[in-house]
Amino acid sequence: MDKLAELYPAHLDYVRQQYDRALSATGYDSVAVHGGAEHMIFLDDMPYPFKPAAHFKWWLPVNNPNCFVAYTPGQKPVLVYWQPVDYWYKPAADPEGYWTSLFDIRLVANAEEAEKHLPKKGKVAFLGEWAEHFGNWGLKEANPKPLESRLHWSRTWKTDYEVECIRRANEVSVRGHKAAEKAFRSGASEFEIHIAYLAATEHNEHQLPYGNIVAVNQNAAVLHYQHQERERSKEGNLHSFLLDAGAVVNGYASDITRTYSRERDEFQQLIDLTDEFQQQMANSVKPGLDYKEFHLEAHRHVGDVLHKMKFIDVDGEEAVKRRITSTFFPHGLGHFLGLQVHDVAGFHKDESGETIAKPEGHPYLRLTRLIEPRMVFTVEPGIYFIDSLLGELRKSDESKHVNWEKVDSFRKFGGVRIEDDILVTETGNENLTRPYFAA
Ligand SMILES: [Mn+2]
C-alpha cells in the first residue's frame, strides 16, 4: 500500500478531533467547509486559476471548485462533490483514492444542489470564501474568529501524513532545482530556466505553491522578483543565479531557495559562508528553541560573514547592535510551511488567537513561537545588495563602518539566500530538503 494511503486515516482522525474540540468550545453543532469557487476575470468569460481554500484542503486532497465538506461531530464527514454536465470543460473525474471510503460522498451537478447536503439543524458554522447565495441557504455564521483561530492553532502540528506530503513536495522541487542549475550553467535566460523547472517538476505554472523567483545577476536583490527575462546574459555578464521555487503534493507545499555563482569567485565564498551557517542553524533546531532568538542569531551570523569578508569593520554582535545587518538581511529567518506556503499560526500565543509580538526592529518576521515537535518551518537566511537599502545605510552614521568599494563590487550579484524546510522532531529535527540535493 502507498505510504500516504497508510498515513491518511490517522490524519483524518486528527482533523476530526480538532474540529470536535473547536466546534464544541465555540458553541457550534456542525460546520460547512467550502473549498471555494472559480472567479471570473472582469468583463470576460474565463476564470482565474482555481485554488482550493486551506480549511478545505486540510480535510482531503480535492482540487475541484464548488465542493464542501459538511461535518457534524460523531458522524461520517460528508463530501459534497461538484461534477457538472459540461462539454466546454472536462468535469472532475469520479472521486478516487485512499480517502474516499472515509467520506460520505454526494455528487452534485450544480452549485445550488449542494444546499440540500449541508447541515441544517442547530447552529451551523460556515468556513470559506463567502458568496451571497449562501445567505439564501440559511448559512450566516461565516468564518467566526474563535473557531478559525482554534483550527489555525491546530494546524501548527503536522500529522505524519502531512509531513510525508511536504517531504514529497521537497523531492519534486529539488528535481526542478537541479534542472534549473544546469540550465543556468549552460547560459539559459531566466525564462528558459523557469521552463526547465516546470518541466522537471511536472507542474503547470498555476500549480506552483508560489510564483517562481528566477533571478539572474542583480535581480537576486529583489526579494520577490516576479519576472523572467527572455534575453540571455552575454558571456562575461553572467554572474549569479538565485532560485526560490517549490512544488505541491496533495495541497502541501515545499519552499526551497538555492544560490549559485558562475565562477569560483568571492561571491561563491559568500554563498559558502552563508550555506555553512544556514546548515549549522538548521541542524541545531530542536524543541524549546525560541524562533525570535533564532532569527536574531541569524543576524549575528550575517554580521560575522560581512565582517569576515571585510564588507564591514565591526563584528557580528556589534553589527546587529548598530542595525547594519538589517540592510543586508531585511526579511525574516523563516515561516511555518504546510497547506499554505506562509502557513497560519506563526504568531499564535494560544488557541484564542492572541499573538506573540515580533522583536523590535524586525517587522517582517513571520514566526515568533517556541519550537515544538511536529512543526514544519523554513530556515532561510540571506545576504543581499539592495540599492535602496544600501542608499539609506550610506546616509546614516554607520556608513563609516562599511567598505563601500567592496559592497559596490557585489551589486552585480544581487544576493544570496539558502532555504531548507525543517521538521521538528522529539529530540531534534529532520531536514526535509537536503537529502534530495545529496541524492
Ligand atoms: Mn520561504
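One-based numbering, in listed order, for ligands and for the atoms of each.
Within E419, the N/O/S atom positioned nearest the Mn ion (ligand 1) carries the name OE2. Taking the Mn ion (ligand 1) as reference, D255 places its N/O/S atom OD2 nearest. The nearest N/O/S atom of E380 to the Mn ion (ligand 1) is OE2.
Judged purely by atom type and a 3.5 angstrom limit, D421 has no side-chain atom pairing as donor or acceptor with the backbone of L432.
Of the candidates K158, E162, R168, Y252 forms a side chain to side chain donor-acceptor pair (under 3.5 Å) with just one, namely E162.
Pairing each heavy atom of N143 with each of L127, the nearest pair is OD1-CA, 3.2 Å. Contact record, A183 with S186: O-OG, 2.8 Å, taken as the closest heavy-atom pair.
Because the distance cut-off is set at 2.8 Å, D244 fails to qualify as a neighbour of the Mn ion (ligand 1), as none of its N, O or S atoms comes that close. Among the backbone and side-chain atoms of H335, an N/O/S atom is found under 2.8 Å from the Mn ion (ligand 1).
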Using the rule given for ring pair (Phe, Tyr, Trp, His ring centres under 6.0 Å), can you reason through F413 versus Y384, listing the C-alpha separation, both sets of side-chain angles and the distance that settles it, and then say yes or no? CA-CA 9 Å; F413 299 115; Y384 312 87; over 10 Å; no
